[in-house]
Amino acid sequence: MSDATIAEPSDVEEIPAGYDDGQDHAGLPHHTSTGLSNTKLAMWLFLGSECLLFGGLISTYMLYRNRQADQIGPDQLWDIPFTSATSFVLLMSSLTMVMAVSAAKRKDEQRTKLWLTVTALLGGLFVAGQVYEFTTFYREGLGYTTSLFSSSFYTLTGFHGVHVAVGIIMLLSLVAMLAKGKLVGDNAETVEMIGLYWHFVDIVWILIFTLVYLIPA
Amino acid sequence: MNRRVRIAAAVGLAALVAGCAEDAPQDMFQPAGPNAQSIYDLSVPVFIIAGVIGVIVMVFIAIIVVKFRDRGQAIPDQVHGKPTLEIILTIIPALILIGVAIPTVGTIMALNDTSDTECVINVTGQQWWWEIDYPTQSGCGSGIDQPIITSGQMVIPIGTPVLVRGTSRDVIHSWWIPRLNGKRDMVPGRVHTNRIEADEPGIYAGQCTEFCGLSHANMRMEVIAMTPEDFEAWKLNQTKPYESPAEGTLAAKGEQTFISQCARCHQVNGLEDADGAPIVSRPDLSVYSGAAPNLTHLMTRNTFAGAAYNLLTPECRPKVWNAPSETVGAEYLKGVTPDCLNSVELREWLRNAPAKKPMYADPTKLEATDGLTRGMPNLALSEDQIDELVAYLLERH
Amino acid sequence: MFTTGSKFLVGAAVLATLSAIAYGVTQDGIMGTVGLGSAAVALWFLAGLNLYTRDNNYWADEIASIEQAPAAVPAPANSVWPFAFAFGAAVLAVGLVTYQAVFIIGVVLLLVSGAEWTAEAWAQSASADTGHNANVRDRIANPLEFPLAAAIGIGVVVYAFSRVMLFLSKTNTVIAFAVLGSIVIALAFFFAYRPRVPSKAAAVVIGVGALGLIAGGAAAGLSGEREIHPHETTSGLNEEGVDICTSPDEFEADLKASQSVSATAAVAATITLGSDGELSYDLNGPSAPGAVGITLPRSNPNNIIFQNRSGEPRRLSASLGTMVAEGSTNEVPVLMCTTLVDDGGAQNMTMRIDLPSITTPGGYSFFVPGVESAELNLVVP
Amino acid sequence: MAIIERPTDTPALAGAGAAVTPSSSYGNFRRPVQATGWKSWAFTVDHKKIGIMYGVVAMVFFFVGGIEALLIRAQLAQPNGTILSADKYNQMFTMHATTMVFLFVMPMAAAFANYMMPLQIGARDVAFPRLNALSLWLFVFGGIFINSSWILGGAADGGWFMYAPNSSVPFSPTNGVDFWTLGLLITGVASQVGAINLIVTALNMRAPGMKLMRMPIFTWMALVVQFLLLFSIPVITVALFLLMFQRNFGANFFSVEAGADPLLWQHLFWLFGHPEVYILVLPSFGIISEVLPTFSRKPLFGYPFVVFSGAAIGFVGFGVWAHHMFAAGLGPISVAVFSVATMAIAVPTGVKIINWTLTMWGGKLWFTTAMLFAIGLIVQFTIGGLSGVTHAVAPSDTQQTDTYYIVAHFHYVIFGGAVLGLFAGIYYWWPKVFGKMLSEKIGRWNFWLMIIGMNMTFGPMHILGLQGQPRRMYIWTGDRAGDGFFDLAFWNLVASIGSLVLGIGAFLFLVNVWVSRKNPPAPADPWDARSLEWLTTNPPKEHNFDRIPTVHTLDEFFHRKYEDVGEGDQHDYKQVATGAEVIELEEKYADAHIHLPSPSYWPMVLAISLPIIGYGVIFNTLLIVAGAAIAVLALFGWALEPPTADESEFDPPAPDGDQPSKELAVSV
């Protein structure tokens, strides 16, 4: 909570050139007290609070991970090779996201759109994998209400899946907006913003994959 | 102004002390056992420290308010603070708190040590009463050779550290006998312990203190401490064999009514059906928590329905409750005699229990519990049946 | 501004609101309130609409606004939406007599084309400037189009690909996934670093890919999933009448079963099978010397932790008397057990026992199948 | 609301026919740029209008919660009360707490933060004005949603702490708990969005020279609160989602028969719930840290200490949640650790009290109503804080928790700490916000009746609790009331009478507002104030400051009015300008181009969609679909809309001299 890390501008006597009310309207140079743009700071704060959201869900899962009583348990269900493949695809999407951000910074709109689409596609594959996985689990006897383990597993991974799906919709809409020139504000920054979100969702998945699938119960 | 404030403060403090009720049965400032005593010994100095600090702050503010009020003086010096003073004034409360923290931690550890208990009693909470059972391994006094189940009132021998091992069948309840120890939540699925010990014979009142639904206010309990001799007598009575009422009496009719109406949920040990097979109640088929009080020795207790109502008439109650510690055990062991029975409230209860104590027993609104009630439903008994049941229950000593 | 129609509607809305509140406060049950509340909402909506449009009676208010009507507008351009709308209606009709899925597609088509049509028509009459009108259209339609297009795009990928994988064998899913992922990335790099490739080629590749995926998904969806069998569980085997609880052997339900518990504190009892083949128990707090068994409250969810320290995989079983099996008069034993717990492992068993132990001659007990000496009395008062 | 510029010759709508105006061509899809009328409030993004609406709605809920409290006290005035049934009583105390915490104190603090923070740091608005509007409307609709349960089958009845498993369907079969859960999720989103917005505002939008350690103390405390919200709301969100899935979709997170641990809910709830306490009181601490220096004519004593103790309270506040669970059956080690941590948090709190009293020491005290409320806060909060120390001692707490002693404690903290501070703020800033003074005479009555009322109501509760009366009981019995004249029956009656006095005291505030509505305009600087929000007119212009001020010191406004003419160590402050003169000087050098964000429909639309989804979860799945569709539409409409409206949204000035929709110039 300490603000010690935030860089302070030197004691300004005169209003610096380009000093504005800090509103996000297009085309005006910004000046902010921290030097970070408003949207970027807001995204970081949002992701900070998301950490606690997933923290709560992961804690719930860790508490209940073995409480399946006489019902089906995780060790009977996991298909580690498959989940590793989906995790790999999601990780690769972070790479393509980086490509998109770098293309956007170079103002290479063509490639930005390409990489964003590819990122969305890879994300879509991941979600498809999750849908497939949930279907097989359900067929194998793990309903949402079967046990504490099942409820907390589906809730945690479901929340993550929804985050990925929202990310995909944002990516695709971004492509459409770029194509139609409808984007409000700085293109590169908007791409970077969604990139931050996307990387966050990926990192959370790495955590979930490790804690839920890899560490034996 | 200054003087007035000080007088007001003094009067306030005096009022606080003098303004307390006398002999409130759940007063935490009248400890009656070593656990409550150690809490008392710890908290009283804290109260005094807090009180003194409070008075100092208030007097200081009163002085400021009087001394520095606007009398047209010049704008004061724009002092932004004195770091040394600040640091000193930070360290002083920190030191006081360290002084409080050390004995606190010690007491926490001491209160949690239950290795010295000599007697184990299980309590199980449910909406809205406590079941109390003495398991065979409890080792109270001369030992328990067959389980004793009672409800609402726990009987313990004095001078014996008792381990209360509790859980709950539905929602969280809290076991609290203020004069014997602090409270402990009884959480379903978990077993929590609470160590109690009474120095003197007496009736120690308590109350469920974790909000547990509709009749939370009506979920009470008492601990009755008696001398070891009295306790042995009580135990002997609790395990004596069942006696059917004499043929032809009203109570004998009551036995049949009890079997047809009450034995579904309420166990009376030793009760047998026409074939001589023991009747086992199945409260789990009618009540959501799956339990109903065991009524084998109802009239040895002097409260009923979650200790919310008196089985003794208002005239007889003080004779037991206010008895001096030498005789309270004997008075209690007399149980409820016919002339002391509070038949008014008992009848009201039998006539329509949910009307007397709010419970969740409306048969049209039990969708969420698969038709099971929470608490006792209205059995629509006739007045004759009620007479018979009262007569029958009166013999449950 | 209050015309006759709006006065009537406002009056009716006030009445409905008041009666909804009165009903809600005085009566039990919510259906009446919901009904009256809905009526109130609908009436307020109508009243608001009426007020806003002044009963569609501009003359009642002012004449001037008519005179400021926009200039004549150019003839509307060609539009695909009337056709799409009609097509949607047809699909909907077909769906009514065939499959629900077709019906839903028809509804969606109808809604989307209707909305697009409306937006287009509205925008075309906005002003005389077509460029401005295009902006107006976008303002109305884009917030719907973008998310819908994105959702459909991703929905197709997710649906089709998950069907394909459900069709494939378990090993092949991994391969399919890795292959498809690699292809996507490879193509992406190819297009990114071959700027000469005309964008039409990219569009063709994406189109072919999408078609292939849809076709694959449809084919896989029609030919059905591979067979996925439910795993056997302890409870399932018990229900089937398999004597898992009296057997020291391993069943499918025991395979790789969970071997540890996170609930370690505050349980009803911890029962340990020692290397000497004896069951010992530990309760929260001390118990009196010479106690011979565990007492558990009746009809209560009790958590029991079984620790296996015997050196071999063992399970803890509880014998809880007998009951009459459904649909017959045979008495069958009531048993509960954990899965097979490896040496050094532990497992939690939540047991609720509704009948007291006195109903069974000999009472209840815990035992370990395969270890004769391991037995422990269980008293349920 | 508008783009304010000096007159230009640019035509508003290029390329359009003369008859085409934005109002006709966009129809209802035009941005709501009106400067007057209800639309100028409903769709506003102006932080000041939003702040006022926050305050008004919160006040409404204050009186709703107050009536619930009066009913509770009426029921408990006599043994075996019959005014409320057990069921209604349980709903009443649940909703009293929920309303007061989530729908009064939090939004009231948000009202001040919204209104004052941009003014105090010299900004023209918050960082994300439309998000700000979203927060407001989510709170409003969330509050209405929760309270609609009263007429839809009964309100929540599990207590505001909603302990599992008592909150599960078998134990609370009405939809009340569902309304509560979903409603808090909605208001949670409001707080979360607001927190991000205000943090960015405070960190990024400070005027030149406004270093962090020159920020007015209220802004500092509001900033700490927003961080607390940012990190605690997600935790309760998880808990509420688990509860919603448990009740509505058959999950079994709290089903003990499936092996669940009911303490999970308690940990999640209190991990949110304890920071929540500081979320409630810190804004008021900030307010009185502004009020006390102003009316003592002295800077806040030890400003850095107050700042850092506020931050410390916020930080340690996350590490003490289990002190609500001392009786819940944690192990002795946890209990000891949390007990000591709880004592530790008393230190920074004590620092604040010391600093406030030392601020007054040596001052020139002016006892306005605002000052009275501030001093009242110090006294009452000290009592609450000290009783707090008595149950930081865990063994004592096992005797005190869930008794009326706790009720007394937290009412001294929340009413004595938070509410009195909010009233101090209302009286202090009323002329700033509305340009009129409130009556000081009625204000005094308001203050004294509230103080007497609260001490009569909550004071006796200390005795009730220590002598064994548990809380959350719909009746109490004479059997356990003890003997003597001062028995528990007596104190219960005193508390009930006190609640009436308190109610009358609070009602006097409304009387005051009504009586003062026609007061003449307030002077520019009625209190001889110190911080930046006074460096503009009363009420402030739409764009807050004519020119963005440059900040040189803490208490900038004061130092523009007074100069130290003393020599060496001798200080002598002489007034060199009046407040009005300083403000006039600012107007003289007004900025030429001021771009303000434009109003928008979308925050309102998005806010409406969430309660629709909520009703859908409870009553009908189709409503969920409808609500979600509206939400998506609103989100994308929002994303595609520029923050500041295009020129083409504004009608050009009509030739006959009608008012244009765009304000054209500021008079110099």
Side-chain angles (χ1 to χ4, degrees), chain B residues 19-28 39 42-43 46-47 50 53-54 57-58 60-61 64 68-70 73 75-78 80-81 86 89-90 93-94 97 101 104-105 107-109 111-112 171-172 178 182-185 187-189 192 205 207 209 211 213-214 216-217 288 358 368-369, chain D residues 86 159 163 165-166 169-171 173 256 262 297-299 301-302 305 327-329 332 335-336 339-340 343 346-347 350-351 354 357 360-366 379 382-383 386 389-390 393-396 398-399 402 463 466-468 470 472-475 480 482-484 486-488 571 573:
Chain B
C20 292
E22 293 158 31
D23 298 327
Q26 292 174 183
D27 191 346
M28 63 189 72
I39 295 175
L42 177 68
S43 52
V46 178
F47 272 103
I53 295 174
V57 171
M58 272 170 233
F60 188 55
I61 290 171
I64 290 173
F68 296 108
R69 71 163 182 266
D70 188 350
Q73 66 264 50
I75 298 278
D77 190 6
Q78 301 293 302
H80 282 277
E86 296 267 319
L89 286 176
T90 311
L97 285 167
T104 300
V105 173
T107 312
I108 291 171
M109 296 301 166
L111 283 171
N112 253 282
V171 302
I172 302 174
K183 58 184 72 69
R184 178 55 50 101
D185 285 2
V187 182
H192 290 157
Q207 195 149 10
T209 39
F211 177 64
L214 272 187
H216 170 55
Y288 193 74
T369 51
Chain D
Y163 271 9
N166 194 35
V169 176
F171 304 111
V256 179
R297 296 353 193 314
K298 259 182 85 211
F301 191 87
F305 281 85
V335 169
S339 185
V340 173
M343 290 177 196
V347 175
V351 167
I354 290 166
T357 48
M360 291 193 288
W361 182 269
K364 182 182 176 195
L365 306 186
W366 178 11
V379 173
T382 304
I383 297 174
L386 289 169
V389 172
T390 64
V393 179
S396 305
T398 62
Q399 290 283 28
D402 280 321
I463 298 171
L466 292 174
Q467 296 212 290
R472 301 177 184 128
M473 300 197 313
Y474 78 102
I475 47 166
R480 307 219 167 167
D483 310 319
F486 292 111
D487 59 357
L488 300 191
H571 298 284
Y573 284 89

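Each chain gets a letter, A, B and so on, in the order its sequence line appears, and its residues count up from 1.
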J.: Do the non-hydrogen side-chain atoms of B:Asp77 and D:Tyr573 ever get within less than 4.5 Å of each other?
T.: yes
J.: Heavy-atom pairs under 4.5 Å with chain D - which of B:Leu111, B:Ile39, B:Asp70 has more of them than the others?
T.: B:Asp70
J.: Looking at chain B, which one of D:Ile354, D:Val340, D:Val393, D:Val351 has the largest number of heavy-atom pairs inside 4.5 Å, strictly under?
T.: D:Val393
J.: Are the side chains of B:Leu89 and D:Phe305 in contact, using a 4.5 Å heavy-atom criterion?
T.: no
J.: For the residue pair D:Pro262 and D:Val256, establish whether any side-chain heavy-atom pair is separated by less than 4.5 Å.
T.: yes
J.: Give the member of B:Val105, B:Thr90, B:Val57, B:Asp185 that has the highest number of heavy-atom pairs under 4.5 Å with chain D.
T.: B:Asp185
J.: With a 4.5 angstrom heavy-atom cut-off, which part of B:Ile61 approaches chain D: side chain, backbone, both or neither?
T.: side chain
J.: Measuring from atom CD1 of B:Ile75 to atom NZ of D:Lys364, what distance do you get when rounded to the nearest 0.5 angstrom?
T.: 5.0 Å
J.: Using only atom types and a distance under 3.5 Å, with no angle test, would you say the side chain of B:Lys183 pairs donor to acceptor with the backbone of B:Gln207?
T.: no
J.: So which residue, D:Gly484, D:Pro165, D:Gly159, D:Ser339, ends up with the most heavy-atom pairs under 4.5 Å with chain B?
T.: D:Pro165
J.: Identify which of B:Phe211, B:Phe47, B:Phe60 forms the greatest number of heavy-atom pairs closer than 4.5 Å to chain D.
T.: B:Phe211
J.: Side-chain contact test, heavy atoms from C-beta onward, threshold under 4.5 Å: evaluate it for B:Glu86 versus D:Phe301 and give yes or no.
T.: yes
J.: Under a 4.5 Å cutoff for heavy-atom pairs, which residue among D:Ala86, D:Pro395, D:Pro470 has the most contacts with chain B?
T.: D:Pro395
J.: So which residue, D:Val389, D:Ile383, D:Val335, ends up with the most heavy-atom pairs under 4.5 Å with chain B?
T.: D:Val335
J.: Under 4.5 Å from any heavy atom of chain B, what part of D:Tyr163 do you find: side chain, backbone, both or neither?
T.: side chain
J.: Looking only at heavy atoms and a cut-off of under 4.5 Å, which of B:Asp23, B:Ile64, B:Val46 has the most pairs with chain D?
T.: B:Ile64
J.: Does the side chain of B:Pro358 reach to within under 4.5 Å of the side chain of D:Tyr474, using non-hydrogen atoms?
T.: yes
J.: B:His192 versus chain D, heavy atoms under 4.5 Å apart: side chain, backbone, both or neither?
T.: side chain
J.: Taking all non-hydrogen atoms of both residues, which atom of B:Phe68 and which atom of B:Gln73 are closest, and how far apart?
T.: O-NE2, 3.8 Å
J.: Looking at chain D, which one of B:Pro178, B:Gly54, B:Pro93 has the largest number of heavy-atom pairs inside 4.5 Å, strictly under?
T.: B:Pro178
J.: Report the option among B:His80, B:Gln78, B:His216 that has the most heavy-atom pairs separated by less than 4.5 Å from atoms of chain D.
T.: B:Gln78
J.: Do B:Leu42 and B:Thr104 have side chains that approach each other closer than 4.5 Å (heavy atoms only, starting at C-beta)?
T.: yes
J.: Should B:Arg184 and D:Thr398 count as side-chain neighbours, where that means a heavy-atom distance under 4.5 Å?
T.: no
J.: What part of D:Thr382 lies closer than 4.5 angstrom to a heavy atom of chain B: side chain, backbone, both or neither?
T.: side chain
J.: Looking at D:Ala346, D:Ala336, D:Gly329, D:Ala394, which has the largest count of heavy-atom pairs under 4.5 Å with chain B?
T.: D:Gly329
J.: Between D:Pro173, D:Ala327, D:Gly482, which shows the greatest number of heavy-atom pairs under 4.5 Å with chain B?
T.: D:Ala327
